[in-house]
J.: 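Before anything else, here's the structure in question.
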Amino acid sequence: MADFPIEAVRGKFPALSLTDKGRRIYLDNPAGTQVPQAVADAVSRCLLTTNANLGGFFETTVAAQQVVDDAHAAMADFLNAASVEEIVIGANMTTLTYHMSRTLGRTMKAGDEIIVTRMDHEGNVSPWLQLAEDLGLVVRFLPFDEKSWQVEEAALKTLLSDKTRLVALNYASNLTGSINRVKALTAIARQTGALVYVDAVQFAPHGLVDVQDIGCDFLICSAYKFFGPHMGILWGRRDVIDALKPYKCRCSSNGLPERFELGTPQIELMAGLTAAVDHFADLGAAAGESGSRRQRIAKAFEVSIAYENALARQLIEGLSDIDGLVIRGITDPERFDERVPTVSFTVEGIVPETIVRQMNAENIFLWSGHNYAWEIVHQLGIPAEQGVVRIGIAHYNTAAEIEETLESVHRVIAMLRQQR
């Protein structure tokens, strides 16, 4: 942890210097991170100097096209795509998944089967459930193991059949923080000929994604979870997406990836997206890597994972001292490489929102509720209207912030218990 350049990293994020009420501790990161100055500058610069629609021959439209091309190239490096044609950029993960689910629905018929997990964010569940309702598909739910906190390969094998057309998998949970073995799960699903759609929204800020190594057919993530603007990115294996016929305007491009990117693109946000990817590349360079952008991104994750895991250990150990507090996820330090630093808990007899409201008033930012992990709270028997307290670490957080947060959690819970 001592080798991580935390002060230099924090210096890149203007929001971290705001000190109303004496401090701001951002632990709401699973819902969206703060952005570096470079991201805001890129968005502003695009709006002020390259603000034009695409397809013309004058200077600003040509420059705008370069912004779009750069964003696709940056995400190809970030995900290790084989081609920029495999990168689809859109409004957000949920919108892109709804669009792709309808497109894939054109290849399915009544009686076909799809598998969704009880570990996913609702954005990778509802689109498939509603597609199944429209087409008469059969939905099979894949539970997670409540001891390992992961989706187990054996459980997937029991659900697969020769009618399985698609398996929607979760890379890392936005509630428990658990990382699934998506490469192994994908290999099992592909043996039956099923397509595999991976939600990497919560994993992408905390681990290196390699779509070619995973072997899946689709993978999706959200830029605003990894220090970028509000937009979603979908990777699709070229031979798969090239064969698909998306819903689109008749006169719009049939090229890749344009035919999946509906309407005028969010060009200024794409400029911010490239800057967000370059934030990781710059961190990797600061850590000593001088190779390609992909190599620098890989180095950035190497150093940030070690740093974040140390903070997660500090947080989990501190929470474990509280009687009646139950952490909903992996707590074994030997397994921290199987989780992201998102930690959720419940406290016996205390509604999560009452804890969060008090801590928010102290300018410690975190969330309560189901956080769209609808299937998780139901599998665990947690009242959906209450959910959990969720604390999410990013690589700009500090050990001092975690210590202040733990002090607040202890004090707030003690106060609430006295009031009962």
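Only this structure's heavy atoms are used, side chains among them; waters, hydrogens and symmetry mates stay out. Nothing fancy with the numbering, it's 1 onward along the sequence.
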J.: Excluding sequence neighbours, so at least two apart, what forms ring pair (Phe, Tyr, Trp, His ring centres under 6.0 Å) with W149?
T.: none
J.: Quick one: closest heavy-atom pair of E113 and S161, and the distance?
T.: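 Of all heavy-atom pairs spanning E113 and S161, the closest is OE1-OG, 2.9 Å.
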J.: What closest approach, in Å, do L159 and T164 show between heavy atoms, and which atom pair accounts for it?
T.: O-OG1, 4.2 Å
J.: Using every non-hydrogen atom in the two residues, find where Y26 and A15 come nearest and quote the distance to one decimal.
T.: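 Closest approach of Y26 to A15: OH-O, 3.1 Å.
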J.: Q66 and D70: side-chain donor and acceptor closer than 3.5 Å?
T.: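 A pair is found: one side chain offers a donor N or O, the other an acceptor, under 3.5 Å apart.
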J.: Under the 3.5 angstrom rule, does the side chain of S368 hit a backbone N or O of P352 as a donor-acceptor pair?
T.: no
J.: Count the heavy atoms of every other residue, nucleotide or ligand shown that sit under 6.0 Å from CD of E334, and state whether that count exceeds 12.
T.: no
J.: Is any side-chain heavy atom of E401 closer than 4.5 Å to one of L311?
T.: no
J.: Checking Y396 against N29: is there a side-chain donor and acceptor pair closer than 3.5 Å?
T.: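 Side-chain D/A pair, N29 to Y396: present.
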J.: Please identify each residue that fulfils ring pair (Phe, Tyr, Trp, His ring centres under 6.0 Å) with H99, with sequence neighbours left out.
T.: none
J.: Taking S290's backbone N and O only, do any of them form a donor-acceptor pair with R296's side chain (distance below 3.5 Å, no angle check)?
T.: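 Here the side-chain-to-backbone pair does not exist.
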J.: Check whether the side chains of T107 and R165 place a donor and an acceptor atom closer than 3.5 Å, and report yes or no.
T.: no
J.: Please report the C-alpha distance between M108 and I114 in whole Å, then the side-chain angles of each, then the deciding distance to 0.1 Å, and finally whether the side-chain contact (heavy atoms from CB on, under 4.5 Å) criterion is met.
T.: CA-CA 10 Å; M108 300 178 188; I114 56 178; 4.2 Å; yes
J.: I need the minimum non-hydrogen distance between T50 and A63, along with the two atoms involved.
T.: CG2-CB, 3.4 Å
J.: Is there a donor-acceptor pair closer than 3.5 Å between any side-chain N or O of E362 and the backbone N or O of I364?
T.: no
J.: Do R10 and E7 meet the salt-bridge criterion of a basic N to acidic O distance under 4.0 Å?
T.: no
J.: Mind checking the CG-CD spacing from D145 to E153? Nearest 0.5 Å is all I need.
T.: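 Output value for this atom pair is 11.0 Å.
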J.: So, does Q150 use its side chain to make a donor-acceptor pair with the main chain of S178 at under 3.5 Å?
T.: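 It does not hold such a pair.
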J.: Does the R24 side chain pair with the main chain of F365, one donor and one acceptor, at a distance under 3.5 Å?
T.: no
J.: If you compare all heavy atoms of S222 against all heavy atoms of V201, which two are closest, and at what distance to 0.1 Å?
T.: OG-CG2, 3.6 Å
J.: When you measure from the side chain of E85 to the backbone of R238, do you find a donor-acceptor pair of N or O atoms at a distance under 3.5 Å?
T.: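 Such a contact is absent between E85 side chain and R238 backbone.
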J.: Answer yes or no: is there a side-chain heavy-atom contact under 4.5 Å between T176 and R339?
T.: no
J.: With a 4.5 Å cut-off on side-chain heavy atoms, are R390 and T342 touching?
T.: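 Yes - at least one pair of side-chain heavy atoms lies under 4.5 Å apart.
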J.: Side chains of V211 and V209, heavy atoms from C-beta outward: is any pair under 4.5 Å?
T.: yes
J.: Under the side-chain contact (heavy atoms from CB on, under 4.5 Å) rule, what do L79 and I87 come out as? Steps first, then yes or no, please.
T.: CA-CA 9 Å; L79 301 177; I87 300 296; 4.2 Å; yes
J.: Under 6.0 Å between ring centres, would you say that holds for H279 and F13?
T.: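 When the ring centroids of H279 and F13 are compared, they turn out to be within the sub-6.0 Å range.
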J.: Measure from the side-chain N and O atoms of N92 to the backbone N and O of L96, and report whether any donor-acceptor pair falls under 3.5 Å.
T.: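 Side chain of N92 to backbone of L96: no pair is present.
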J.: Backbone N or O of F58 within a donor-acceptor pair of the T61 side chain at under 3.5 Å?
T.: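 Checking the backbone N and O of F58 against the side chain of T61, no donor-acceptor pair under 3.5 Å is found.
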J.: Just so I know, are the side chains of F4 and L283 near enough to count as touching, which here means a heavy-atom distance under 4.5 Å?
T.: yes
J.: Determine, step by step, whether L406 and L319 satisfy the side-chain contact (heavy atoms from CB on, under 4.5 Å) criterion, reporting the C-alpha distance in whole Å, the side-chain angles of both residues, the deciding distance to 0.1 Å, and the verdict.
T.: CA-CA 7 Å; L406 287 169; L319 293 174; 3.9 Å; yes
J.: More than 12 foreign heavy atoms under 6.0 Å from CZ of F336: is that the case here?
T.: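 Counting neighbours around CZ of F336, more than 12 heavy atoms of other residues, nucleotides or ligands fall under 6.0 Å, so yes.
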J.: Can you tell if the side chain of F280 reaches within under 4.5 Å of the side chain of H395, non-hydrogen atoms only?
T.: yes
J.: Do T274 and V67 have side chains that approach each other closer than 4.5 Å (heavy atoms only, starting at C-beta)?
T.: no
J.: Mind checking the SG-CG spacing from C216 to L169? Nearest 0.5 Å is all I need.
T.: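 Nearest 0.5 Å value for the SG-CG distance: 8.5 Å.
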J.: Has the side chain of N180 got a donor or acceptor atom that lies under 3.5 Å from a matching backbone atom of V182?
T.: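 Such a contact is absent between N180 side chain and V182 backbone.
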J.: Got a second to check how far D112's CG is from L166's CG, nearest 0.5 Å?
T.: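 Between atom CG of D112 and atom CG of L166 there are 10.5 Å.
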J.: Is it the case that N174 and N371 place a side-chain donor and acceptor less than 3.5 Å from each other?
T.: no
J.: For N397, is there any backbone N or O sitting under 3.5 Å from a side-chain donor or acceptor partner on Y307?
T.: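 Yes, because the side chain of Y307 sits within donor-acceptor range (under 3.5 Å) of the backbone of N397.
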J.: Return the CD to CG distance between E375 and L142, rounded to the nearest 0.5 Å.
T.: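 Interatomic distance, E375 CD to L142 CG, rounded to 0.5 Å: 11.0 Å.
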J.: Just verifying a value: how many Å separate T103 OG1 and Y247 OH, rounded to the nearest 0.5 Å?
T.: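 Output value for this atom pair is 7.0 Å.
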J.: Of the non-hydrogen atoms in R106 and K245, which two are nearest, and what is the gap between them?
T.: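 Heavy atoms only, the tightest pair is NH1-O, 2.8 Å.
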J.: Check the side chains of N363 and D20 for a donor-acceptor pair under 3.5 angstrom, ignoring hydrogens and angles.
T.: yes
J.: Is any side-chain heavy atom of M270 less than 4.5 Å from a side-chain heavy atom of H72?
T.: yes
J.: Could you tell me whether the side chains of S126 and E122 share a donor-acceptor contact shorter than 3.5 Å?
T.: yes
J.: Would you call D242 and R259 a salt bridge, taking side-chain N to carboxylate O under 4.0 Å as the test?
T.: yes
J.: Nearest 0.5 angstrom please: L315 CG to T405 OG1, how far?
T.: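 Interatomic distance, L315 CG to T405 OG1, rounded to 0.5 Å: 7.5 Å.
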J.: Tell me, with the steps shown, if D134 and R102 meet side-chain contact (heavy atoms from CB on, under 4.5 Å).
T.: CA-CA 10 Å; D134 291 345; R102 270 51 196 168; 3.4 Å; yes
J.: Specify whether W128 and Y197 have parallel, tilted or perpendicular ring planes, treating 30° as the upper limit for parallel and 60° as the lower limit for perpendicular.
T.: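 Ring orientation, 0 to 90° scale: perpendicular.
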J.: Considering residues, nucleotides and ligands other than E317, do more than 12 of their heavy atoms fall under 6.0 Å from its CD?
T.: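 Enclosed: over 12 neighbouring heavy atoms sit under 6.0 Å from CD of E317.
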J.: Does the pair E261/K248 count as a salt bridge with the N-to-O cut at 4.0 Å?
T.: no
